[in-house]
Amino acid sequence: MNNVLLEDRIYVTQPLLPELSEFNEHLKDIWDSKCLTNMGSKHNELESKLREVLKVPYVSLFNNGTIALLTAIKAMDLPYGSEVITTPFTFAATPHCISWNGLKPVFCDIEPETMTIDANKIEDLITPNTSAILGVHVYGFPCDVYKIEKIAKKYNLKVIYDAAHAFSTEIDGKGIGTFGDISMFSFHATKLFNTVEGGCLTYNNPDLVNKIYNLRNFGIRSEELVEDVGINGKLDEIRSVIGLLNLKLYSDEQEKRAIIKDYYDSKLSRIKGIKIPKMPENTTDSYQYYPIIIEEEFPISRNELYEKFKAFNIFTRKYFYPICTDYECYKNNPSVKPFDLPVVNDYKNKVLCLPYYGTLKLDELDFICGIIEDV
Ligand code: T4K
């Protein structure tokens with residue numbers, strides 16, 4: 001490996017963008033109609049197309065994934081102050097949405113294969129105050145949805161999924177957003193499918209349609225009727241257009257990422273001390289992230305490898321370090337004892353997400369793999 005600094009920085013991801021000319025054509029429609037937001041025609045078209053893509057009966061669009069998750073939890077009508085069992089191996093938004101709803105996050109360890117909430121450890125955390133389980137399909141790896149469903153039925157708990165990383169993922173041929181009571185997808189710029197900022201909720205229960213419509217729109221049903229205590233979660237027309245155009249591009253992007261994944265797999269699986277987590281056989285990959293686990297046998301630590309990449313202008317990411325139970329606001333939570341969360345406290349120092357987007361070139365991939373091989 002020669003000691004060159006790459007001219008162009010390589011990031012963990014690059015956003016999927018439609019042709020500017022095509023975007024401009026749609027902008028003209030919006031300019032002509034003068035309808036910019038409040039559930040306009042582009043918004044409604046995107047909502048109905050997403051129902052097909054995500055294979056779910058109901059979709060409600062939102063202006064970002066965090067507001068969508070906040071609303072999902074609110075829509076479950078959980079008793080104020082009750083406990084929600086969740087994972088610390090996620091983005092800050094997940095437990096923050098629980099807390100903003102006046103509920104208490106209770107952190108459960110993760111299981112080592114999928115890095116999702118360990119369904120075998122959930123029952124130990126259930127108390128008379130538990131009202132829900134909030135699982136995260138981290139990197140698109142699915143939670144054990146069947147086991148979680150059984151536990152939820154047994155204890156009469158609601159199930160909410162943070163599917164921010166799992167766009168278009170299917171489990172046993174079913175859209176991942178059909179599991180549990182409600183799921184949230186993020187359409188942030190860094191996501192496989194993006195609307196710049198944005199997100200959606202998916203659910204099977206028709207009773208939630210009006211409820212979520214109201215919660216997303218200040219509780220306003222009509223000009224003279226305010227039915228609920230809502231917020232502003234609306235996705236505007238301009239970003240809905242980006243979504244409509246990116247819907248035509250995302251599967252091509254997935255195909256490109258599948259090739260990159262095969263390339264990484266073939267090069268890196270030969271290296272002692274590098275573990276590549278595998279998608280379960282009954283699940284399709286969303287191709288959102290490419291995480292690797294740097295085991296003790298590898299000559300340098302995850303942090304050293306991260307710094308080595310950085311020295312070459314390659315910006316990998318330690319998703320998720322620190323974990324949520326390391327944050328000042330959660331570290332004194334009674335469920336947070338490192339000896340109760342051994343797996344996640346081990347993984348937080350070992351996972352590294354490599355650059356993963358369709359426009360990565362072969363020589364760049366070679367360069368990235370070469371850095372690891374040279375170590
Ligand atoms: N739940 C989970 C499990 C999540 O992962 C997230 C968001 C949420 C909930 C909340 O959903 P949203 O409310 O965001 O819809 C990024 C994203 O901002 C965040 O959406 C995402 N998860 C999280 C995992 O990653 P950062 O702080 O890593 O973003 P940033 O700005 O460092 O971007 C990463 C790289 O992407 C950059 O180094 C370069 C590239 N990039 C980024 C942006 C924003 C671009 O090339 N262009 C861009 O415009 O949080």
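Bear in mind the structure is a predicted one, so any value in this text is a computation, not a measurement. Index from 1, following the sequence. Just so you know, ligand 1 is whichever comes first in the structure, and atom 1 is the first atom listed for that ligand.
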In the protein, what heavy atom is nearest to [atom], and what distance, to one decimal place, separates them?
atom	answer
atom 15 (O) of ligand 1	Ser186 OG, 2.8 Å
atom 7 (C) of ligand 1	Phe91 CD2, 3.3 Å
atom 9 (C) of ligand 1	Asp162 OD2, 3.4 Å
atom 44 (C) of ligand 1	His188 CE1, 3.8 Å
atom 34 (C) of ligand 1	Arg317 NH1, 3.6 Å
atom 22 (N) of ligand 1	Lys191 NZ, 3.0 Å
atom 35 (C) of ligand 1	Val12 CG1, 3.9 Å
atom 37 (C) of ligand 1	Tyr11 CD2, 4.2 Å

At under 4.0 Å between heavy atoms, which part of [X] makes contact with ligand 1: side chain, backbone, both or neither?
X	answer
Thr66	both
Tyr319	side chain
Thr13	both
Val138	neither
Phe185	neither

Quick check: does any side chain N or O of [X] sit under 3.5 Å from a backbone N or O of [Y], one acting as donor and the other as acceptor?
X	Y	value
Arg302	Lys348	yes
Glu47	Tyr58	no
Asn101	Cys97	yes
Asn217	Gly219	no

So, does [X] sit close enough to ligand 1 that a heavy atom of it is under 4.0 Å from the ligand?
X	answer
Pro15	yes
Phe89	no
Glu197	no
Cys97	no

Among Ala93, Ala68, Ala164, Ala166, closest by any non-hydrogen atom to atom 2 (C) of ligand 1: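 Result: the heavy atom closest to atom 2 (C) of ligand 1 is in Ala164.
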Option whose closest heavy atom lies nearest to atom 5 (O) of ligand 1, chosen from His165, Gln288, His96: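 When every heavy atom of His165, Gln288, His96 is considered, His165 comes closest to atom 5 (O) of ligand 1.
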Candidates Leu201, Leu46, Asp236 - the one meeting side chain to side chain contact (heavy atoms under 4.5 Å, CB included) with Leu61: Leu46
Asn282 and Tyr146 side chains, donor-acceptor separation under 3.5 Å: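 Tyr146 vs Asn282: no donor-acceptor pair found between side chains.
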Between Gln14 and Thr359, a side-chain donor and acceptor under 3.5 Å: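 Their side chains do not contain a donor-acceptor pair, so the 3.5 Å distance test is not met.
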More than 12 heavy atoms of other groups within 6.0 Å of Lys104 NZ: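 Check fails, neighbour count at 12 or below.
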Pair listing, ring-ring contact (aromatic ring centres under 6.0 Å, His included) test, anchored in residues 227-275, at least two apart: Phe167-Tyr250, Tyr264-Tyr290
Nearest protein heavy atom under 4.0 Å from atom 25 (O) of ligand 1, yes or no: yes
At less than 4.0 angstrom from any non-hydrogen atom of [X], what atoms of ligand 1 do you find?
X	answer
Tyr289	24 (C)
Thr94	1 (N)
Thr190	16 (C), 17 (C), 20 (O), 33 (O), 34 (C), 36 (O), 42 (C)
Thr90	3 (C)
Gly198	15 (O)

Pi-cation contact, Tyr213 with Arg221 (under 6.0 Å, within 45°): yes
Axial cation check for Tyr287 ring with Lys261, 6.0 Å and 45° limits: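 That pair does not qualify as a cation-pi contact.
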Identified ring-ring contact (aromatic ring centres under 6.0 Å, His included) partner of Tyr289 from the options Tyr319, Tyr356, Tyr357, Phe320: Tyr319
Under-4.0 Å salt bridge between Asp374 and Lys308: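 No salt bridge links Asp374 with Lys308.
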Salt-bridge present (Asp285, Arg257; N to O < 4.0 Å):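 Here Asp285 does not pair with Arg257 in a salt bridge, since their nearest N and O are not under 4.0 Å apart.
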Intermediate values then yes/no, side-chain hydrogen bond (donor to acceptor under 3.5 Å, both in side chains), Ser168 and Gln254: CA-CA 10 Å; Ser168 83; Gln254 281 180 321; 3.0 Å; yes
